[in-house]
**Q** 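Before anything else, here's the structure in question.
Numbers restart at 1 for each chain; the letters A, B, ... are given by sequence-line order, proteins then strands.
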Amino acid sequence: MHEKEMFQNIHEDIDFKSSLNPEQLSAVENIEGPLLVLAGAGTGKTKVLTSRIANILLKGTFPSQILAVTFTNKAAREMADRVAKATGGRSDGIWLGTFHSIASRILRSHAPAVGLKTNFIIIDTSDQLRLLKQIIVEMNIDEKKWNAKKLAAIIGKWKDKGLMPDKVGSSEYCDFGGHSAIELYRIYQARLIALNAVDFGDLLLYNLILLQNNDDILKNYQRRFKYILVDEYQDTNLCQYLWLRLLAQGNQNICCVGDDDQSIYGWRGAEVGNILRFERDFKGASVVRLERNYRSTSHILTAASELISNNKDRLGKTLWTKDNEGDPLKLIAVWDDREEARFVADEIESLQQTKGHSLSQMAVLVRAGFQTRSFEERFIAHSIPYKVVGGLRFYERAEIKDIIAYLRLMNQSSDDLAFERIINVPKRGIGDSTLKSFRDFGRSNGNLSMLDSARAMLQDGILKGKIGNSVENFISLIDKWRNLPEEMTVVEFVETVLKESAYIEMLKAEDSMEAEGRIENIKELLRALEEFETIENFLEHVSLVSDIDMLNQDNMVGIMTMHAAKGLEFETVFLPGWEEGLFPSQRSVDESGTKGVEEERRLAYVGITRAKKRAYILYAANRRVYNQFQSSIPSRFIEELPEGSIEKINMGNGLSFRKESSESYDSIKQRYKSEDSAKQSSIPSMNTTKKTNGNFTVGQRVFHVKFGYGKVTNLSGNQLDVHFDKAGTKKVIETYVEAV
DNA sequence: CTGTTTAGGCTTTTT
DNA sequence: GCCTAAACAG
């Protein structure tokens with residue numbers, strides 16, 4: 001097909017004028033020069049981005065001349081799909097991906113320029129912490145007080161700002177257990193280089209350094225990328241900003257789409273200020289505001305707008321909609337988190353059964369991961385299908401990480417972190433002291449990798465006996481796998497490793513329900529592996545994509561954090577846990593004061609604006625924290641909601657609404673604290689009533705929705721130990737089993 | 001070196 | 001309440 005025809009085809013597929021409003025159209029049509037699009041929630045931001053890319057292609061630009069960056073893989077995927085659709089598949093070759101994946105791609109082409117080899121590995125957070133911990137221990141720092149997480153946070157902040165150790169100003173001297181944090185940062189970076197590894201922050205940091213220090217490389221990319229597009233611009237950190245600015249300085253064709261009101265990643269270095277800098281740094285930049293909302297009813301929009309107007313630090317915009325008023329937001333006061341979950345479950349059932357609403361159009365959006373628990377328990381009891389989004393990530397499960405560690409060691413024998421992980425999994429009788437001897441030997445013999453140290457120690461006869469044999473066997477396995485025929489597929493290769501390492505055997509020997517689940521996960525991994533040609537490709541994917549693409553568009557209620565919900569929309573949204581301390585989170589308030597509260601408020605704004613038609617906000621008078629009841633007071637955000645757009649429902653046991661009482665915050669808090677002890681005694685009595693309903697005895701047969709039939713082996717309070725016929729022994733709450 | 005017990009921390013949010 | 005890491009016993 002000739003190019004001319006090709007672009008005609010594109011043209012036929014897009015009909016900008018009829019489907020875009022004037023503001024959107026101007027953002028799509030003005031492709032030359034810097035442009036900032038301030039796009040409120042639900043104003044068609046993705047549509048603008050994809051149409052703009054299509055339009056750029058239509059003007060005759062090659063796909064490879066376009067750079068489009070997002071923050072999440074989900075957003076990248078969606079954009080890729082939509083652009084492909086809009087252009088009839090003529091978009092192949094666009095540099096479209098997350099900041100990290102684009103950065104990784106560029107860094108791989110120039111790895112030697114920053115002291116890495118092309119096959120560098122990308123370590124995840126847990127590897128990073130292990131490495132930092134090793135350094136902390138070696139430096140004799142009190143690890144209890146100065147833990148690896150703290151150090152990771154300090155180093156991460158510098159990386160977010162684009163600072164290598166030598167660029168961190170000495171004025172920023174930061175004490176870490178009697179040592180300079182800068183010095184520890186330097187050691188950490190050196191250790192990473194020795195491992196031929198980078199962490200997440202490095203991907204971006206090294207990219208910036210690469211462009212700053214190599215004019216020829218910079219010029220090359222400036223020429224290549226004629227058009228740059230950035231999604232969720234408000235979430236960029238300084239390092240990303242500087243990187244973008246360098247790349248865009250060539251053609252000045254950069255389009256950033258963002259919403260200052262949806263900036264919720266300040267805690268990981270995002271700087272809303274980048275929006276304000278834009279007009280200053282890019283001379284002659286145009287600004288387009290998208291304020292017409294196509295998603296929500298006016299009640300929802302009003303409530304969200306009113307709430308966010310309490311923030312001082314914002315550019316300010318007015319969202320409007322032609323949609324009708326819809327239902328007011330429902331504000332529900334409940335006694336505790338169980339009643340909260342019960343209300344939501346009942347409401348979901350009624351919406352589904354009496355109104356025929358689809359479960360996939362409902363979502364529970366929580367502040368923190370632990371809140372999902374009570375909903376899961378309740379949904380299981382109601383047999384409501386649900387999916388916890390972003391809980392434990394697939395690639396983070398122990399068995400998956402083990403397998404990946406085997407592959408990493410194959411890929412690169414210097415990968416000590418991988419070596420340490422699997423040398424004794426399955427058990428080979430090689431423990432901490434042996435590992436330490438490898439490390440010490442390596443360090444005193446010219447920085448040998450642990451695998452090479454083990455090899456040398458065998459040869460020198462330092463390792464012998466039982467352990468020696470065991471290590472020898474392990475090494476010969478590795479060597480054998482290395483020499484497997486090239487034409488083997490990745491799946492075949494991994495199957496061989498699984499079999500010969502006796503990994504599957506180990507799981508089978510465990511003979512537990514848990515081990516069975518692990519084997520299932522490994523099977524899932526093998527399925528995912530089919531897509532990859534080489535191990536390198538797969539490892540790259542694993543490091544940059546946190547979860548397997550489960551194409552579950554099934555009819556399930558989503559349970560997720562508000563952070564994870566950004567960019568999504570649902571007909572009905574449940575927002576539980578609007579209590580002081582939880583939302584806004586105590587930590588944000590304590591650590592970042594007003595700024596922290598404002599970020600939490602933006603999060604609330606994001607939460608509410610996910611709803612198209614219905615939003616429920618719930619708050620409980622008591623909440624289990626580490627399974628202990630704590631009384632709580634309603635979130636300050638609740639009284640910021642406009643009276644006219646909310647309907648209050650008190651479930652009898654819930655707190656009164658703050659506006660209805662003249663009591664001060666503190667006095668309410670005081671009252672509930674003292675009442676709590678009194679009410680505590682009423683809770684057990686409620687439970688005992690339930691207990692007499694179905695008083696279980698040891699030895700009794702019971703049925704559980706998830707685990708099937710089983711026998712009670714022990715009981716304490718409302719908790720039963722049940723030995724299930726198929727699922728093994730579990731602790732369950734008695735309300736979830738029924739007597740048979 | 002392994003397996004069991006115990007103490008302590010943990011619950012923000014993610015590439 | 002759950003998980004992990006350290007401590008201890010075998």
Side-chain angles (χ1 to χ4, degrees), chain A residues 69-76 97-104 122-126 128-130 133 137 143-144 147-149 156 159-160 198-205 232 235-237 239-240 263-270 365-374 377 389-393 395-396 398 423-424 426-436 465-467 470 541-547 560-566 577 581-592 596 599-600 602-604 606-607 623-630 716-717 719 731 733:
Chain A
V69 277
T70 64
F71 274 86
T72 64
N73 293 294
K74 200 170 61 191
T98 61
F99 271 98
H100 291 85
S101 71
I102 301 278
S104 164
I122 304 163
I123 62 166
D124 66 7
T125 316
S126 63
Q128 182 190 29
L129 291 175
R130 264 201 296 159
K133 195 181 157 188
V137 171
E143 191 218 321
K144 287 262 153 61
N147 59 31
K149 265 192 179 164
K159 290 189 176 178
D160 287 343
V198 298
D199 65 19
F200 285 129
D202 285 336
L203 283 171
L204 299 158
L205 178 57
E232 307 278 15
D235 290 337
T236 50
N237 61 31
C239 182
Q240 288 161 330
S263 161
I264 53 176
Y265 286 105
W267 53 272
R268 66 168 193 206
L365 309 183
V366 298
R367 176 64 184 87
F370 75 90
Q371 290 173 265
T372 60
R373 205 192 180 90
S374 32
E377 285 174 357
V389 179
L392 43 143
R393 267 153 259 284
Y395 291 125
E396 268 165 25
I423 178 78
N424 206 28
K427 296 250 161 14
R428 297 187 180 91
I430 299 158
D432 280 348
S433 50
T434 316
L435 239 41
K436 190 171 181 305
K466 224 178 179 177
I467 297 176
S470 175
H541 170 86
V542 169
S543 355
L544 296 169
V545 176
S546 52
D547 222 334
M560 67 198 89
T561 63
M562 286 180 273
H563 283 91
K566 192 159 99 165
L582 177 59
F583 192 35
S585 112
Q586 198 58 51
R587 222 167 126 175
S588 290
V589 180
D590 291 347
E591 285 174 12
S592 318
E599 179 150 317
E600 296 281 312
R602 291 193 290 270
L603 192 54
V606 168
R623 185 167 295 277
R624 278 176 299 175
V625 182
Y626 307 131
N627 222 33
Q628 281 211 310
F629 275 100
Q630 268 186 9
S716 66
Q719 274 210 342
K731 270 200 192 328
I733 300 178

**Q** How long is the line joining NZ of K159(A) and P of dT15(B), in whole Å?
**A** 18 Å
**Q** Expressed as a whole number of angstroms, how long is the span from L205(A):CG to dT15(B):C1'?
**A** 15 Å
**Q** Can a side chain N or O of N424(A) be found less than 4.0 Å away from OP1 or OP2 on dT2(B)?
**A** yes
**Q** Between C1' on dT14(B) and CZ on F99(A), what's the gap in Å once rounded to a whole number?
**A** 14 Å
**Q** Does R393(A) come within less than 4.0 Å of D124(A), counting only side-chain N to carboxylate O?
**A** no
**Q** Specify the residue among R587(A) and L204(A) whose closest nucleotide of DNA chain B lies further upstream toward the 5′ end.
**A** R587(A)
**Q** What do you reckon, is CG of D590(A) surrounded by more than 12 foreign heavy atoms closer than 6.0 Å?
**A** yes
**Q** Strictly distance-based, threshold 3.5 Å: is any side-chain N or O of E377(A) a donor or acceptor partner for the main-chain N or O of S374(A)?
**A** no
**Q** Can you check whether K74(A) has a side-chain N or O nearer than 4.0 Å to OP1 or OP2 of dT14(B)?
**A** no
**Q** In this structure, how many angstroms lie between the P atom of dC1(B) and the CD1 atom of I423(A), rounded?
**A** 11 Å
**Q** Less than 4.0 Å between a side-chain N and a carboxylate O, is that true for R268(A) and D160(A)?
**A** no
**Q** Rounded to whole angstrom units, what separation is found between the CZ atom of R623(A) and the P atom of dC10(B)?
**A** 21 Å
**Q** Need to verify one output field. Residue with the more 5' nearest nucleotide on DNA chain B, E599(A) or D432(A)?
**A** D432(A)
**Q** Do the ring planes of F71(A) and F99(A) sit parallel (below 30°), tilted (30 to 60°) or perpendicular (above 60°)?
**A** tilted
**Q** Would you say dA6(C) has OP1 or OP2 under 4.0 Å from some side-chain N or O of K133(A)?
**A** yes
**Q** What is the distance from CD of E591(A) to C1' of dT11(B), rounded to the nearest Å?
**A** 13 Å
**Q** Using the six-membered base ring of dT13(B), report whether Y265(A) stacks on it, requiring centroids under 5.5 Å and planes under 30° apart.
**A** no
**Q** In whole Å, what is the span from the NZ atom of K149(A) to the P atom of dC10(B)?
**A** 6 Å
**Q** Tell me whether the OP1 or OP2 atom of dT11(B) has a side-chain N or O from T372(A) closer than 4.0 Å.
**A** no
**Q** For S588(A) and dT13(B), is the shortest distance between a side-chain N/O and OP1 or OP2 below 4.0 Å?
**A** no
**Q** Is there a side-chain polar atom (N or O) of S543(A) under 4.0 Å from OP1 or OP2 of dT15(B)?
**A** no
**Q** Would you say a side-chain N or O of R373(A) is under 4.0 Å from OP1 or OP2 of dT11(B)?
**A** no
